[in-house]
Amino acid sequence: MIRHVEVRTGTYHDSVTLMQVSQAVQGEDGVGSALVAMATQLNLDLLAGMGFDPPAASPNDLVVGVVADDDGALGRALGRLESALAARGPGGSGDGGGFDAAPPRSVGAAARRDGATIAFVSTPGAYAFVDAMDALQHGLHVVVFSDNVPVEQEIRLKQEAADRGLLVMGPDCGTAVVGGVGFGFANVVRPGPVGVVAASGTGAQQLLGLVDGAGVGISHCLGVGGRDLTAEVGGASTLAALDLLADDDATEVIVVVSKPPAADVADTVRERAEKLGKPVVLALLGPGRPDLTAVAETVVTTAGATWAPPRSWPSTAPRTGPYPFVRGLYAGGTLCDEAMLLVSAAFGPVRSNIPLASAWALGPDLQAEGHTMIDFGDDSLTQGRPHPMIDNSLRIERLLTEARDPTCGVVLLDVVLGHGAHPDPAGELAPAIVRARNVAGARGRDLAVVVALIGTDTDPQRLDDQARALRDAGASVQLSNAAAAREAVALVRDGADG
Amino acid sequence: MADLLNDEPRVVSAGVDLFAAALAAQAVPVTTVDWRPPVAGTSDDLARVLADPRRPEANALALSRMLEAGADLVDVRPASEVLGLEPGQFLHAGPPVTWDRASGPLRGALIGATLFEGLATSPGEAEALLAAGSGSSVEWSPCHDRGGVGPMAGVVSPSMWLFELADPVGGRTAWCSLNEGLGAVLRYGAYGPEVIERLRWMASALGPLLQAAVRRRGPVDVKAIVAQMVQMGDEGHNRNRAGTLMLLRDLLPALVDSGAPSSDVAAAAAFIGGNDHFFLNLVMPAGKLQTAAAAGIAGCSVVTAMARNGTDFGIQVSGTGSAWFTAPANTPSGLYLGAFGPDDANPDIGDSAITETIGLGGFAMAAAPAIVRFVGGSVPDALATSRLMYEITVGENPAYAFPILEFRGAPTGIDVTLVARTGVLPQINTGIAGRVAGTGQVGAGLVQPPMDCFTAALSALAAAVPPPASE
């Protein structure tokens, strides 16, 4: 066995790209394990975990660690590494030899070069403020996808945007649709009268999916970031987005999706909404309030269309409970919240890394206890690794852990489709669901799997194909997350099929 | 500004490639930034400086002042008259430096200037006088601190003659010594008898002749000559051939008409025409006028000086006034004269990096393909270098246009935040001085400033950001 480790300076690739490169290298015959990553402390620790002595390197260096059976396998691994790095998307680090213009090195330089209208910033959170500020100071609206941006920097960005008549979507804006163009994780929606202002990315995606599914189109979906309606930020982007949609001829009905705002901010938003001259549905999510599916129904009927319950693909597997506890493995925080509210209303405490009550917090090892829901998209679980909407591996690992846990009865999963998301999530999750159900079955249990499938018919992953693949793996599939959570509650309550 | 909801979106994407690809898959025009993390340890300072509400306007003001500034040659006079320099007072290139840290070429030039002024009769005596340092009868300070510039060692003494330039827009003046030619010359640290002899002739014959010619014909528009030279294959730092000949063309009638003996005029014309770098000493003060116009603007992150004394590289930044941010100078790499080699090279020296500070020199390599081999490069390198410099500058100077880049203006106004964000350092073309005092020039090549100058300046800018107004 050969252990190869090297450090390359002057090369930068984003973590998602490198995750994909690592997987490609790992897929070569005779390669035991491979890590290709920027040399952050986290990645150096991973390298140590693979049995390497971590080399001296800085976070701006690329580190490569490969465990191979023999020289031949190592040669193939390194060859694959080169081709995978060379194949990365536009704007690579290749130089044009002087006769071609090299790609711009900053947002401002790019803006000056090509006369852009909007910037999409997904740089690591510690640096995103500088890139977003650069965009604003060059007259660009900006979507800040990055999370882990300090709140005082968010406030400063939004102040700068207000001074310049620009809109900041985010930070931590997972989803935006502007004039039919999807930014970040965004669904393909038909054009129409509904304008969305969303402080929640997956909340917005659920709404887009259900409204589009009811045959009603979307004018724009403007993300504002999860903290926009806090007292500190004061709803700056929400108010700006409302004003933009008020002046937009295509928008006839507006819906604002958020957790309940700070009291002062709620008053300000409500006041602004009342003066807007267009119907505004304020969808403030929380205990005792309508869930996202109910909000979608209100929006659809306000737009003058007819509402029908969202589609589902019930499991064909016989239900042979009991199903002691629900385990939610979520990629979307708002969807996780919504499911926890519904399960908790039925059964009380739900443990989580984003708990509804602080007493229900999970320990740092995320060990399940009773009803448990984990948001794998939470900031603390995405540092240094791709979002679970792109990379299913953490959730698949957890799914198999739950399969071996006798207290786990129902696994509740969200599968989010659209631009930016994994190109075929069911292709990875369906086999994992089969395996998990087999593992549980071998231990004499039926493991029920309920999937909330978030998307539209025109999403690139083909919603129907995804639903059928998951259903065929033994899962029950619902387009409504609330319906999925209620199905999980019913399974626990009723045990086997009636 | 774009109408967000109605304009066709054109996107700049920085960060995860996957999302740029998802946008491109929707047939949206996307420009992908070749993004990488900023220089280690700068992210907090960058955030503070980018948050400074004064900065965008301050940088725009700095750029407009740099573009507006003019540069006319208005007189030629001895340093004692221009600056009131007294015997024993010297000026030199780069940031301040003490004798014990001074490099070979700077020591050599100071020795030569001491001999030239008659303060010592031998190099050994001169060295002893200088080594006694401050408190003795001699002292030295940076040219920049007195509003001027000097190439290489940049040593100026009271009897040396200076070009005086004026900016008719801002009303400022700047100065620079007269260029001695190449080879064994004072500015490269040589101080042999032929060096001193040449300096005496420049002070007694060349200086007065140039003075008479300039006063007779009136101001020479140096900025206009610089604009033409960059379209004639000069980059204004290591190649000044076209500029030199245009200056001679402008001065020659007045020189001939000055009444001086024709043999003196012929000697002066031969000296100027035979020294391809003569005009460098006019590009440099024109650069000083241009950057001085942008100096001292609160909140401004534009570099107003890059200068080296052979030991340290120093920069000044508009928003931090006359403070120097220094770090040990790098040694240039390039081609060597005769039997000289890299071991003979002194670290980077001279105020001539003022040319890069205004977008010429290494920044204008695309305009000077004829000399890329002289500094050890290729034509594609030259084009790539100039293009890269636009990534660290705030604007372009249409007065200095590069034909091969479709007459794109020189990359102007180095922004320390862009240097820290991109890790791209300014590219400098330079002569290489011998390490040992008395040697002279050993080669020419390329060099970059140390990054620490820029990160230190960035920290100082960050410390000067006013706290956010409380509400």
Side-chain angles (χ1 to χ4, degrees), chain A residues 12 14 16-17 58-60 88-91 93 95-99 101-107 109-111 113-124 126-127 129-131 133-135 137 139-141 145-146 153 156 165-167 178-179 181-184 220 244 248 390 419-420, chain B residues 1-26 28-40 43 46-47 49-51 53 55-56 366 378-385 387-388 390-392 394 417-418 421-424 468:
Chain A
Y12 178 83
D14 69 75
V16 177
T17 297
S58 83
N60 292 8
R88 69 181 286 238
S93 53
D95 70 87
F99 290 106
R105 298 288 290 269
S106 64
V107 172
R113 194 184 292 195
D114 291 332
T117 60
I118 182 165
F120 182 83
V121 173
S122 55
T123 54
Y127 313 124
F129 169 76
V130 167
D131 299 311
M133 201 67 168
D134 196 13
Q137 292 178 349
L140 271 55
H141 303 278
F145 178 87
S146 318
Q153 294 185 346
R156 181 67 186 87
L166 296 168
L167 184 66
V178 180
V181 174
F183 292 82
H220 310 279
L244 282 170
D248 177 48
I390 299 172
H419 294 299
Chain B
M1 178 196 324
D3 178 341
L4 177 66
L5 302 188
N6 293 306
D7 288 353
E8 283 292 319
R10 293 189 304 283
V11 184
V12 170
S13 176
V16 180
D17 287 343
L18 176 90
F19 293 119
L23 285 160
Q26 298 174 67
V28 176
V30 182
T31 304
T32 305
V33 177
D34 185 10
W35 189 91
R36 37 200 100 181
V39 172
S43 61
L46 277 172
V49 173
L50 267 286
R55 183 174 160 276
S378 67
V379 171
D381 290 344
L383 297 179
T385 298
R387 285 204 168 109
L388 190 58
Y390 291 102
E391 301 296 326
I392 56 168
V394 296
T417 70
L418 287 172
R421 286 172 62 195
T422 62
V424 172

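Chain naming here is simple, since letters A, B, ... match the order of the sequence lines and numbering starts at 1 in each.
- Nearest approach of B:P9 to B:V28, heavy atoms of both residues: O-CG1, 3.7 Å.
- A side-chain N or O of A:D114 and one of B:T31 form a donor-acceptor pair less than 3.5 Å apart.
- For chain B, the option among A:A111, A:A109, A:A119, A:S146 with the highest count of heavy-atom pairs below 4.5 Å is A:A119.
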Next item on the list: Output, in order, the C-alpha distance, side-chain angles, deciding distance and verdict of side-chain contact (heavy atoms from CB on, under 4.5 Å) for B:F19 and A:F183.
Entry: CA-CA 7 Å; B:F19 293 119; A:F183 292 82; over 6 Å; no

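- If you measure heavy-atom distances from B:P29 to chain A, you find no contacts under 4.5 Å at all.
- Listed options B:L18, B:T417, B:L46 were ranked by heavy-atom pairs under 4.5 angstrom with chain A; first place goes to B:L18.
- Between B:V33 and B:V12 there is a side-chain heavy-atom pair separated by less than 4.5 Å.
- Both the backbone and the side chain of A:R105 come within less than 4.5 Å of a heavy atom in chain B.
- Checked by atom type and distance alone, the side chain of B:D3 pairs as donor or acceptor with a backbone atom of B:L5 at under 3.5 Å.
- With a threshold of 4.5 angstrom between heavy atoms, B:P38 approaches chain A through its backbone and through its side chain.
- The most heavy-atom pairs under 4.5 Å with chain A, out of B:A25, B:A366, B:A51, B:A47, come from B:A51.
- Residue contact with chain B, scored on non-hydrogen atoms closer than 4.5 Å, involves the backbone and the side chain of A:L244 alike.
- Both the backbone and the side chain of B:V11 come within contact range of chain A, judged by heavy atoms closer than 4.5 Å.
- If you tally non-hydrogen atom pairs under 4.5 Å between each of A:Q137, A:Q153, A:M133, A:H220 and chain B, the highest count goes to A:H220.
- We find that B:E391 and B:R421 are not joined by a salt bridge, their nearest charged nitrogen and carboxylate oxygen being 4.0 Å or further apart.
- Atom NE2 of A:H141 sits about 4.5 Å away from atom CG of B:L4, to the nearest 0.5 Å.
- Your options are B:G423, B:S43, B:P37, and the one with the most heavy-atom pairs under 4.5 Å with chain A is B:P37.
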Next item on the list: Starting from the C-alpha separation in whole Å, work towards a yes-or-no answer on side-chain contact (heavy atoms from CB on, under 4.5 Å) for B:N6 and A:D248.
Entry: CA-CA 8 Å; B:N6 293 306; A:D248 177 48; 3.9 Å; yes

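- For a residue to count as touching a neighbouring chain, one of its non-hydrogen atoms must lie under 4.5 Å from one of that chain's; by this rule B:L388 touches chain A with the side chain only.
- Proximity to chain B (any heavy atom under 4.5 Å) is shown, for A:S106, by both the backbone and the side chain.
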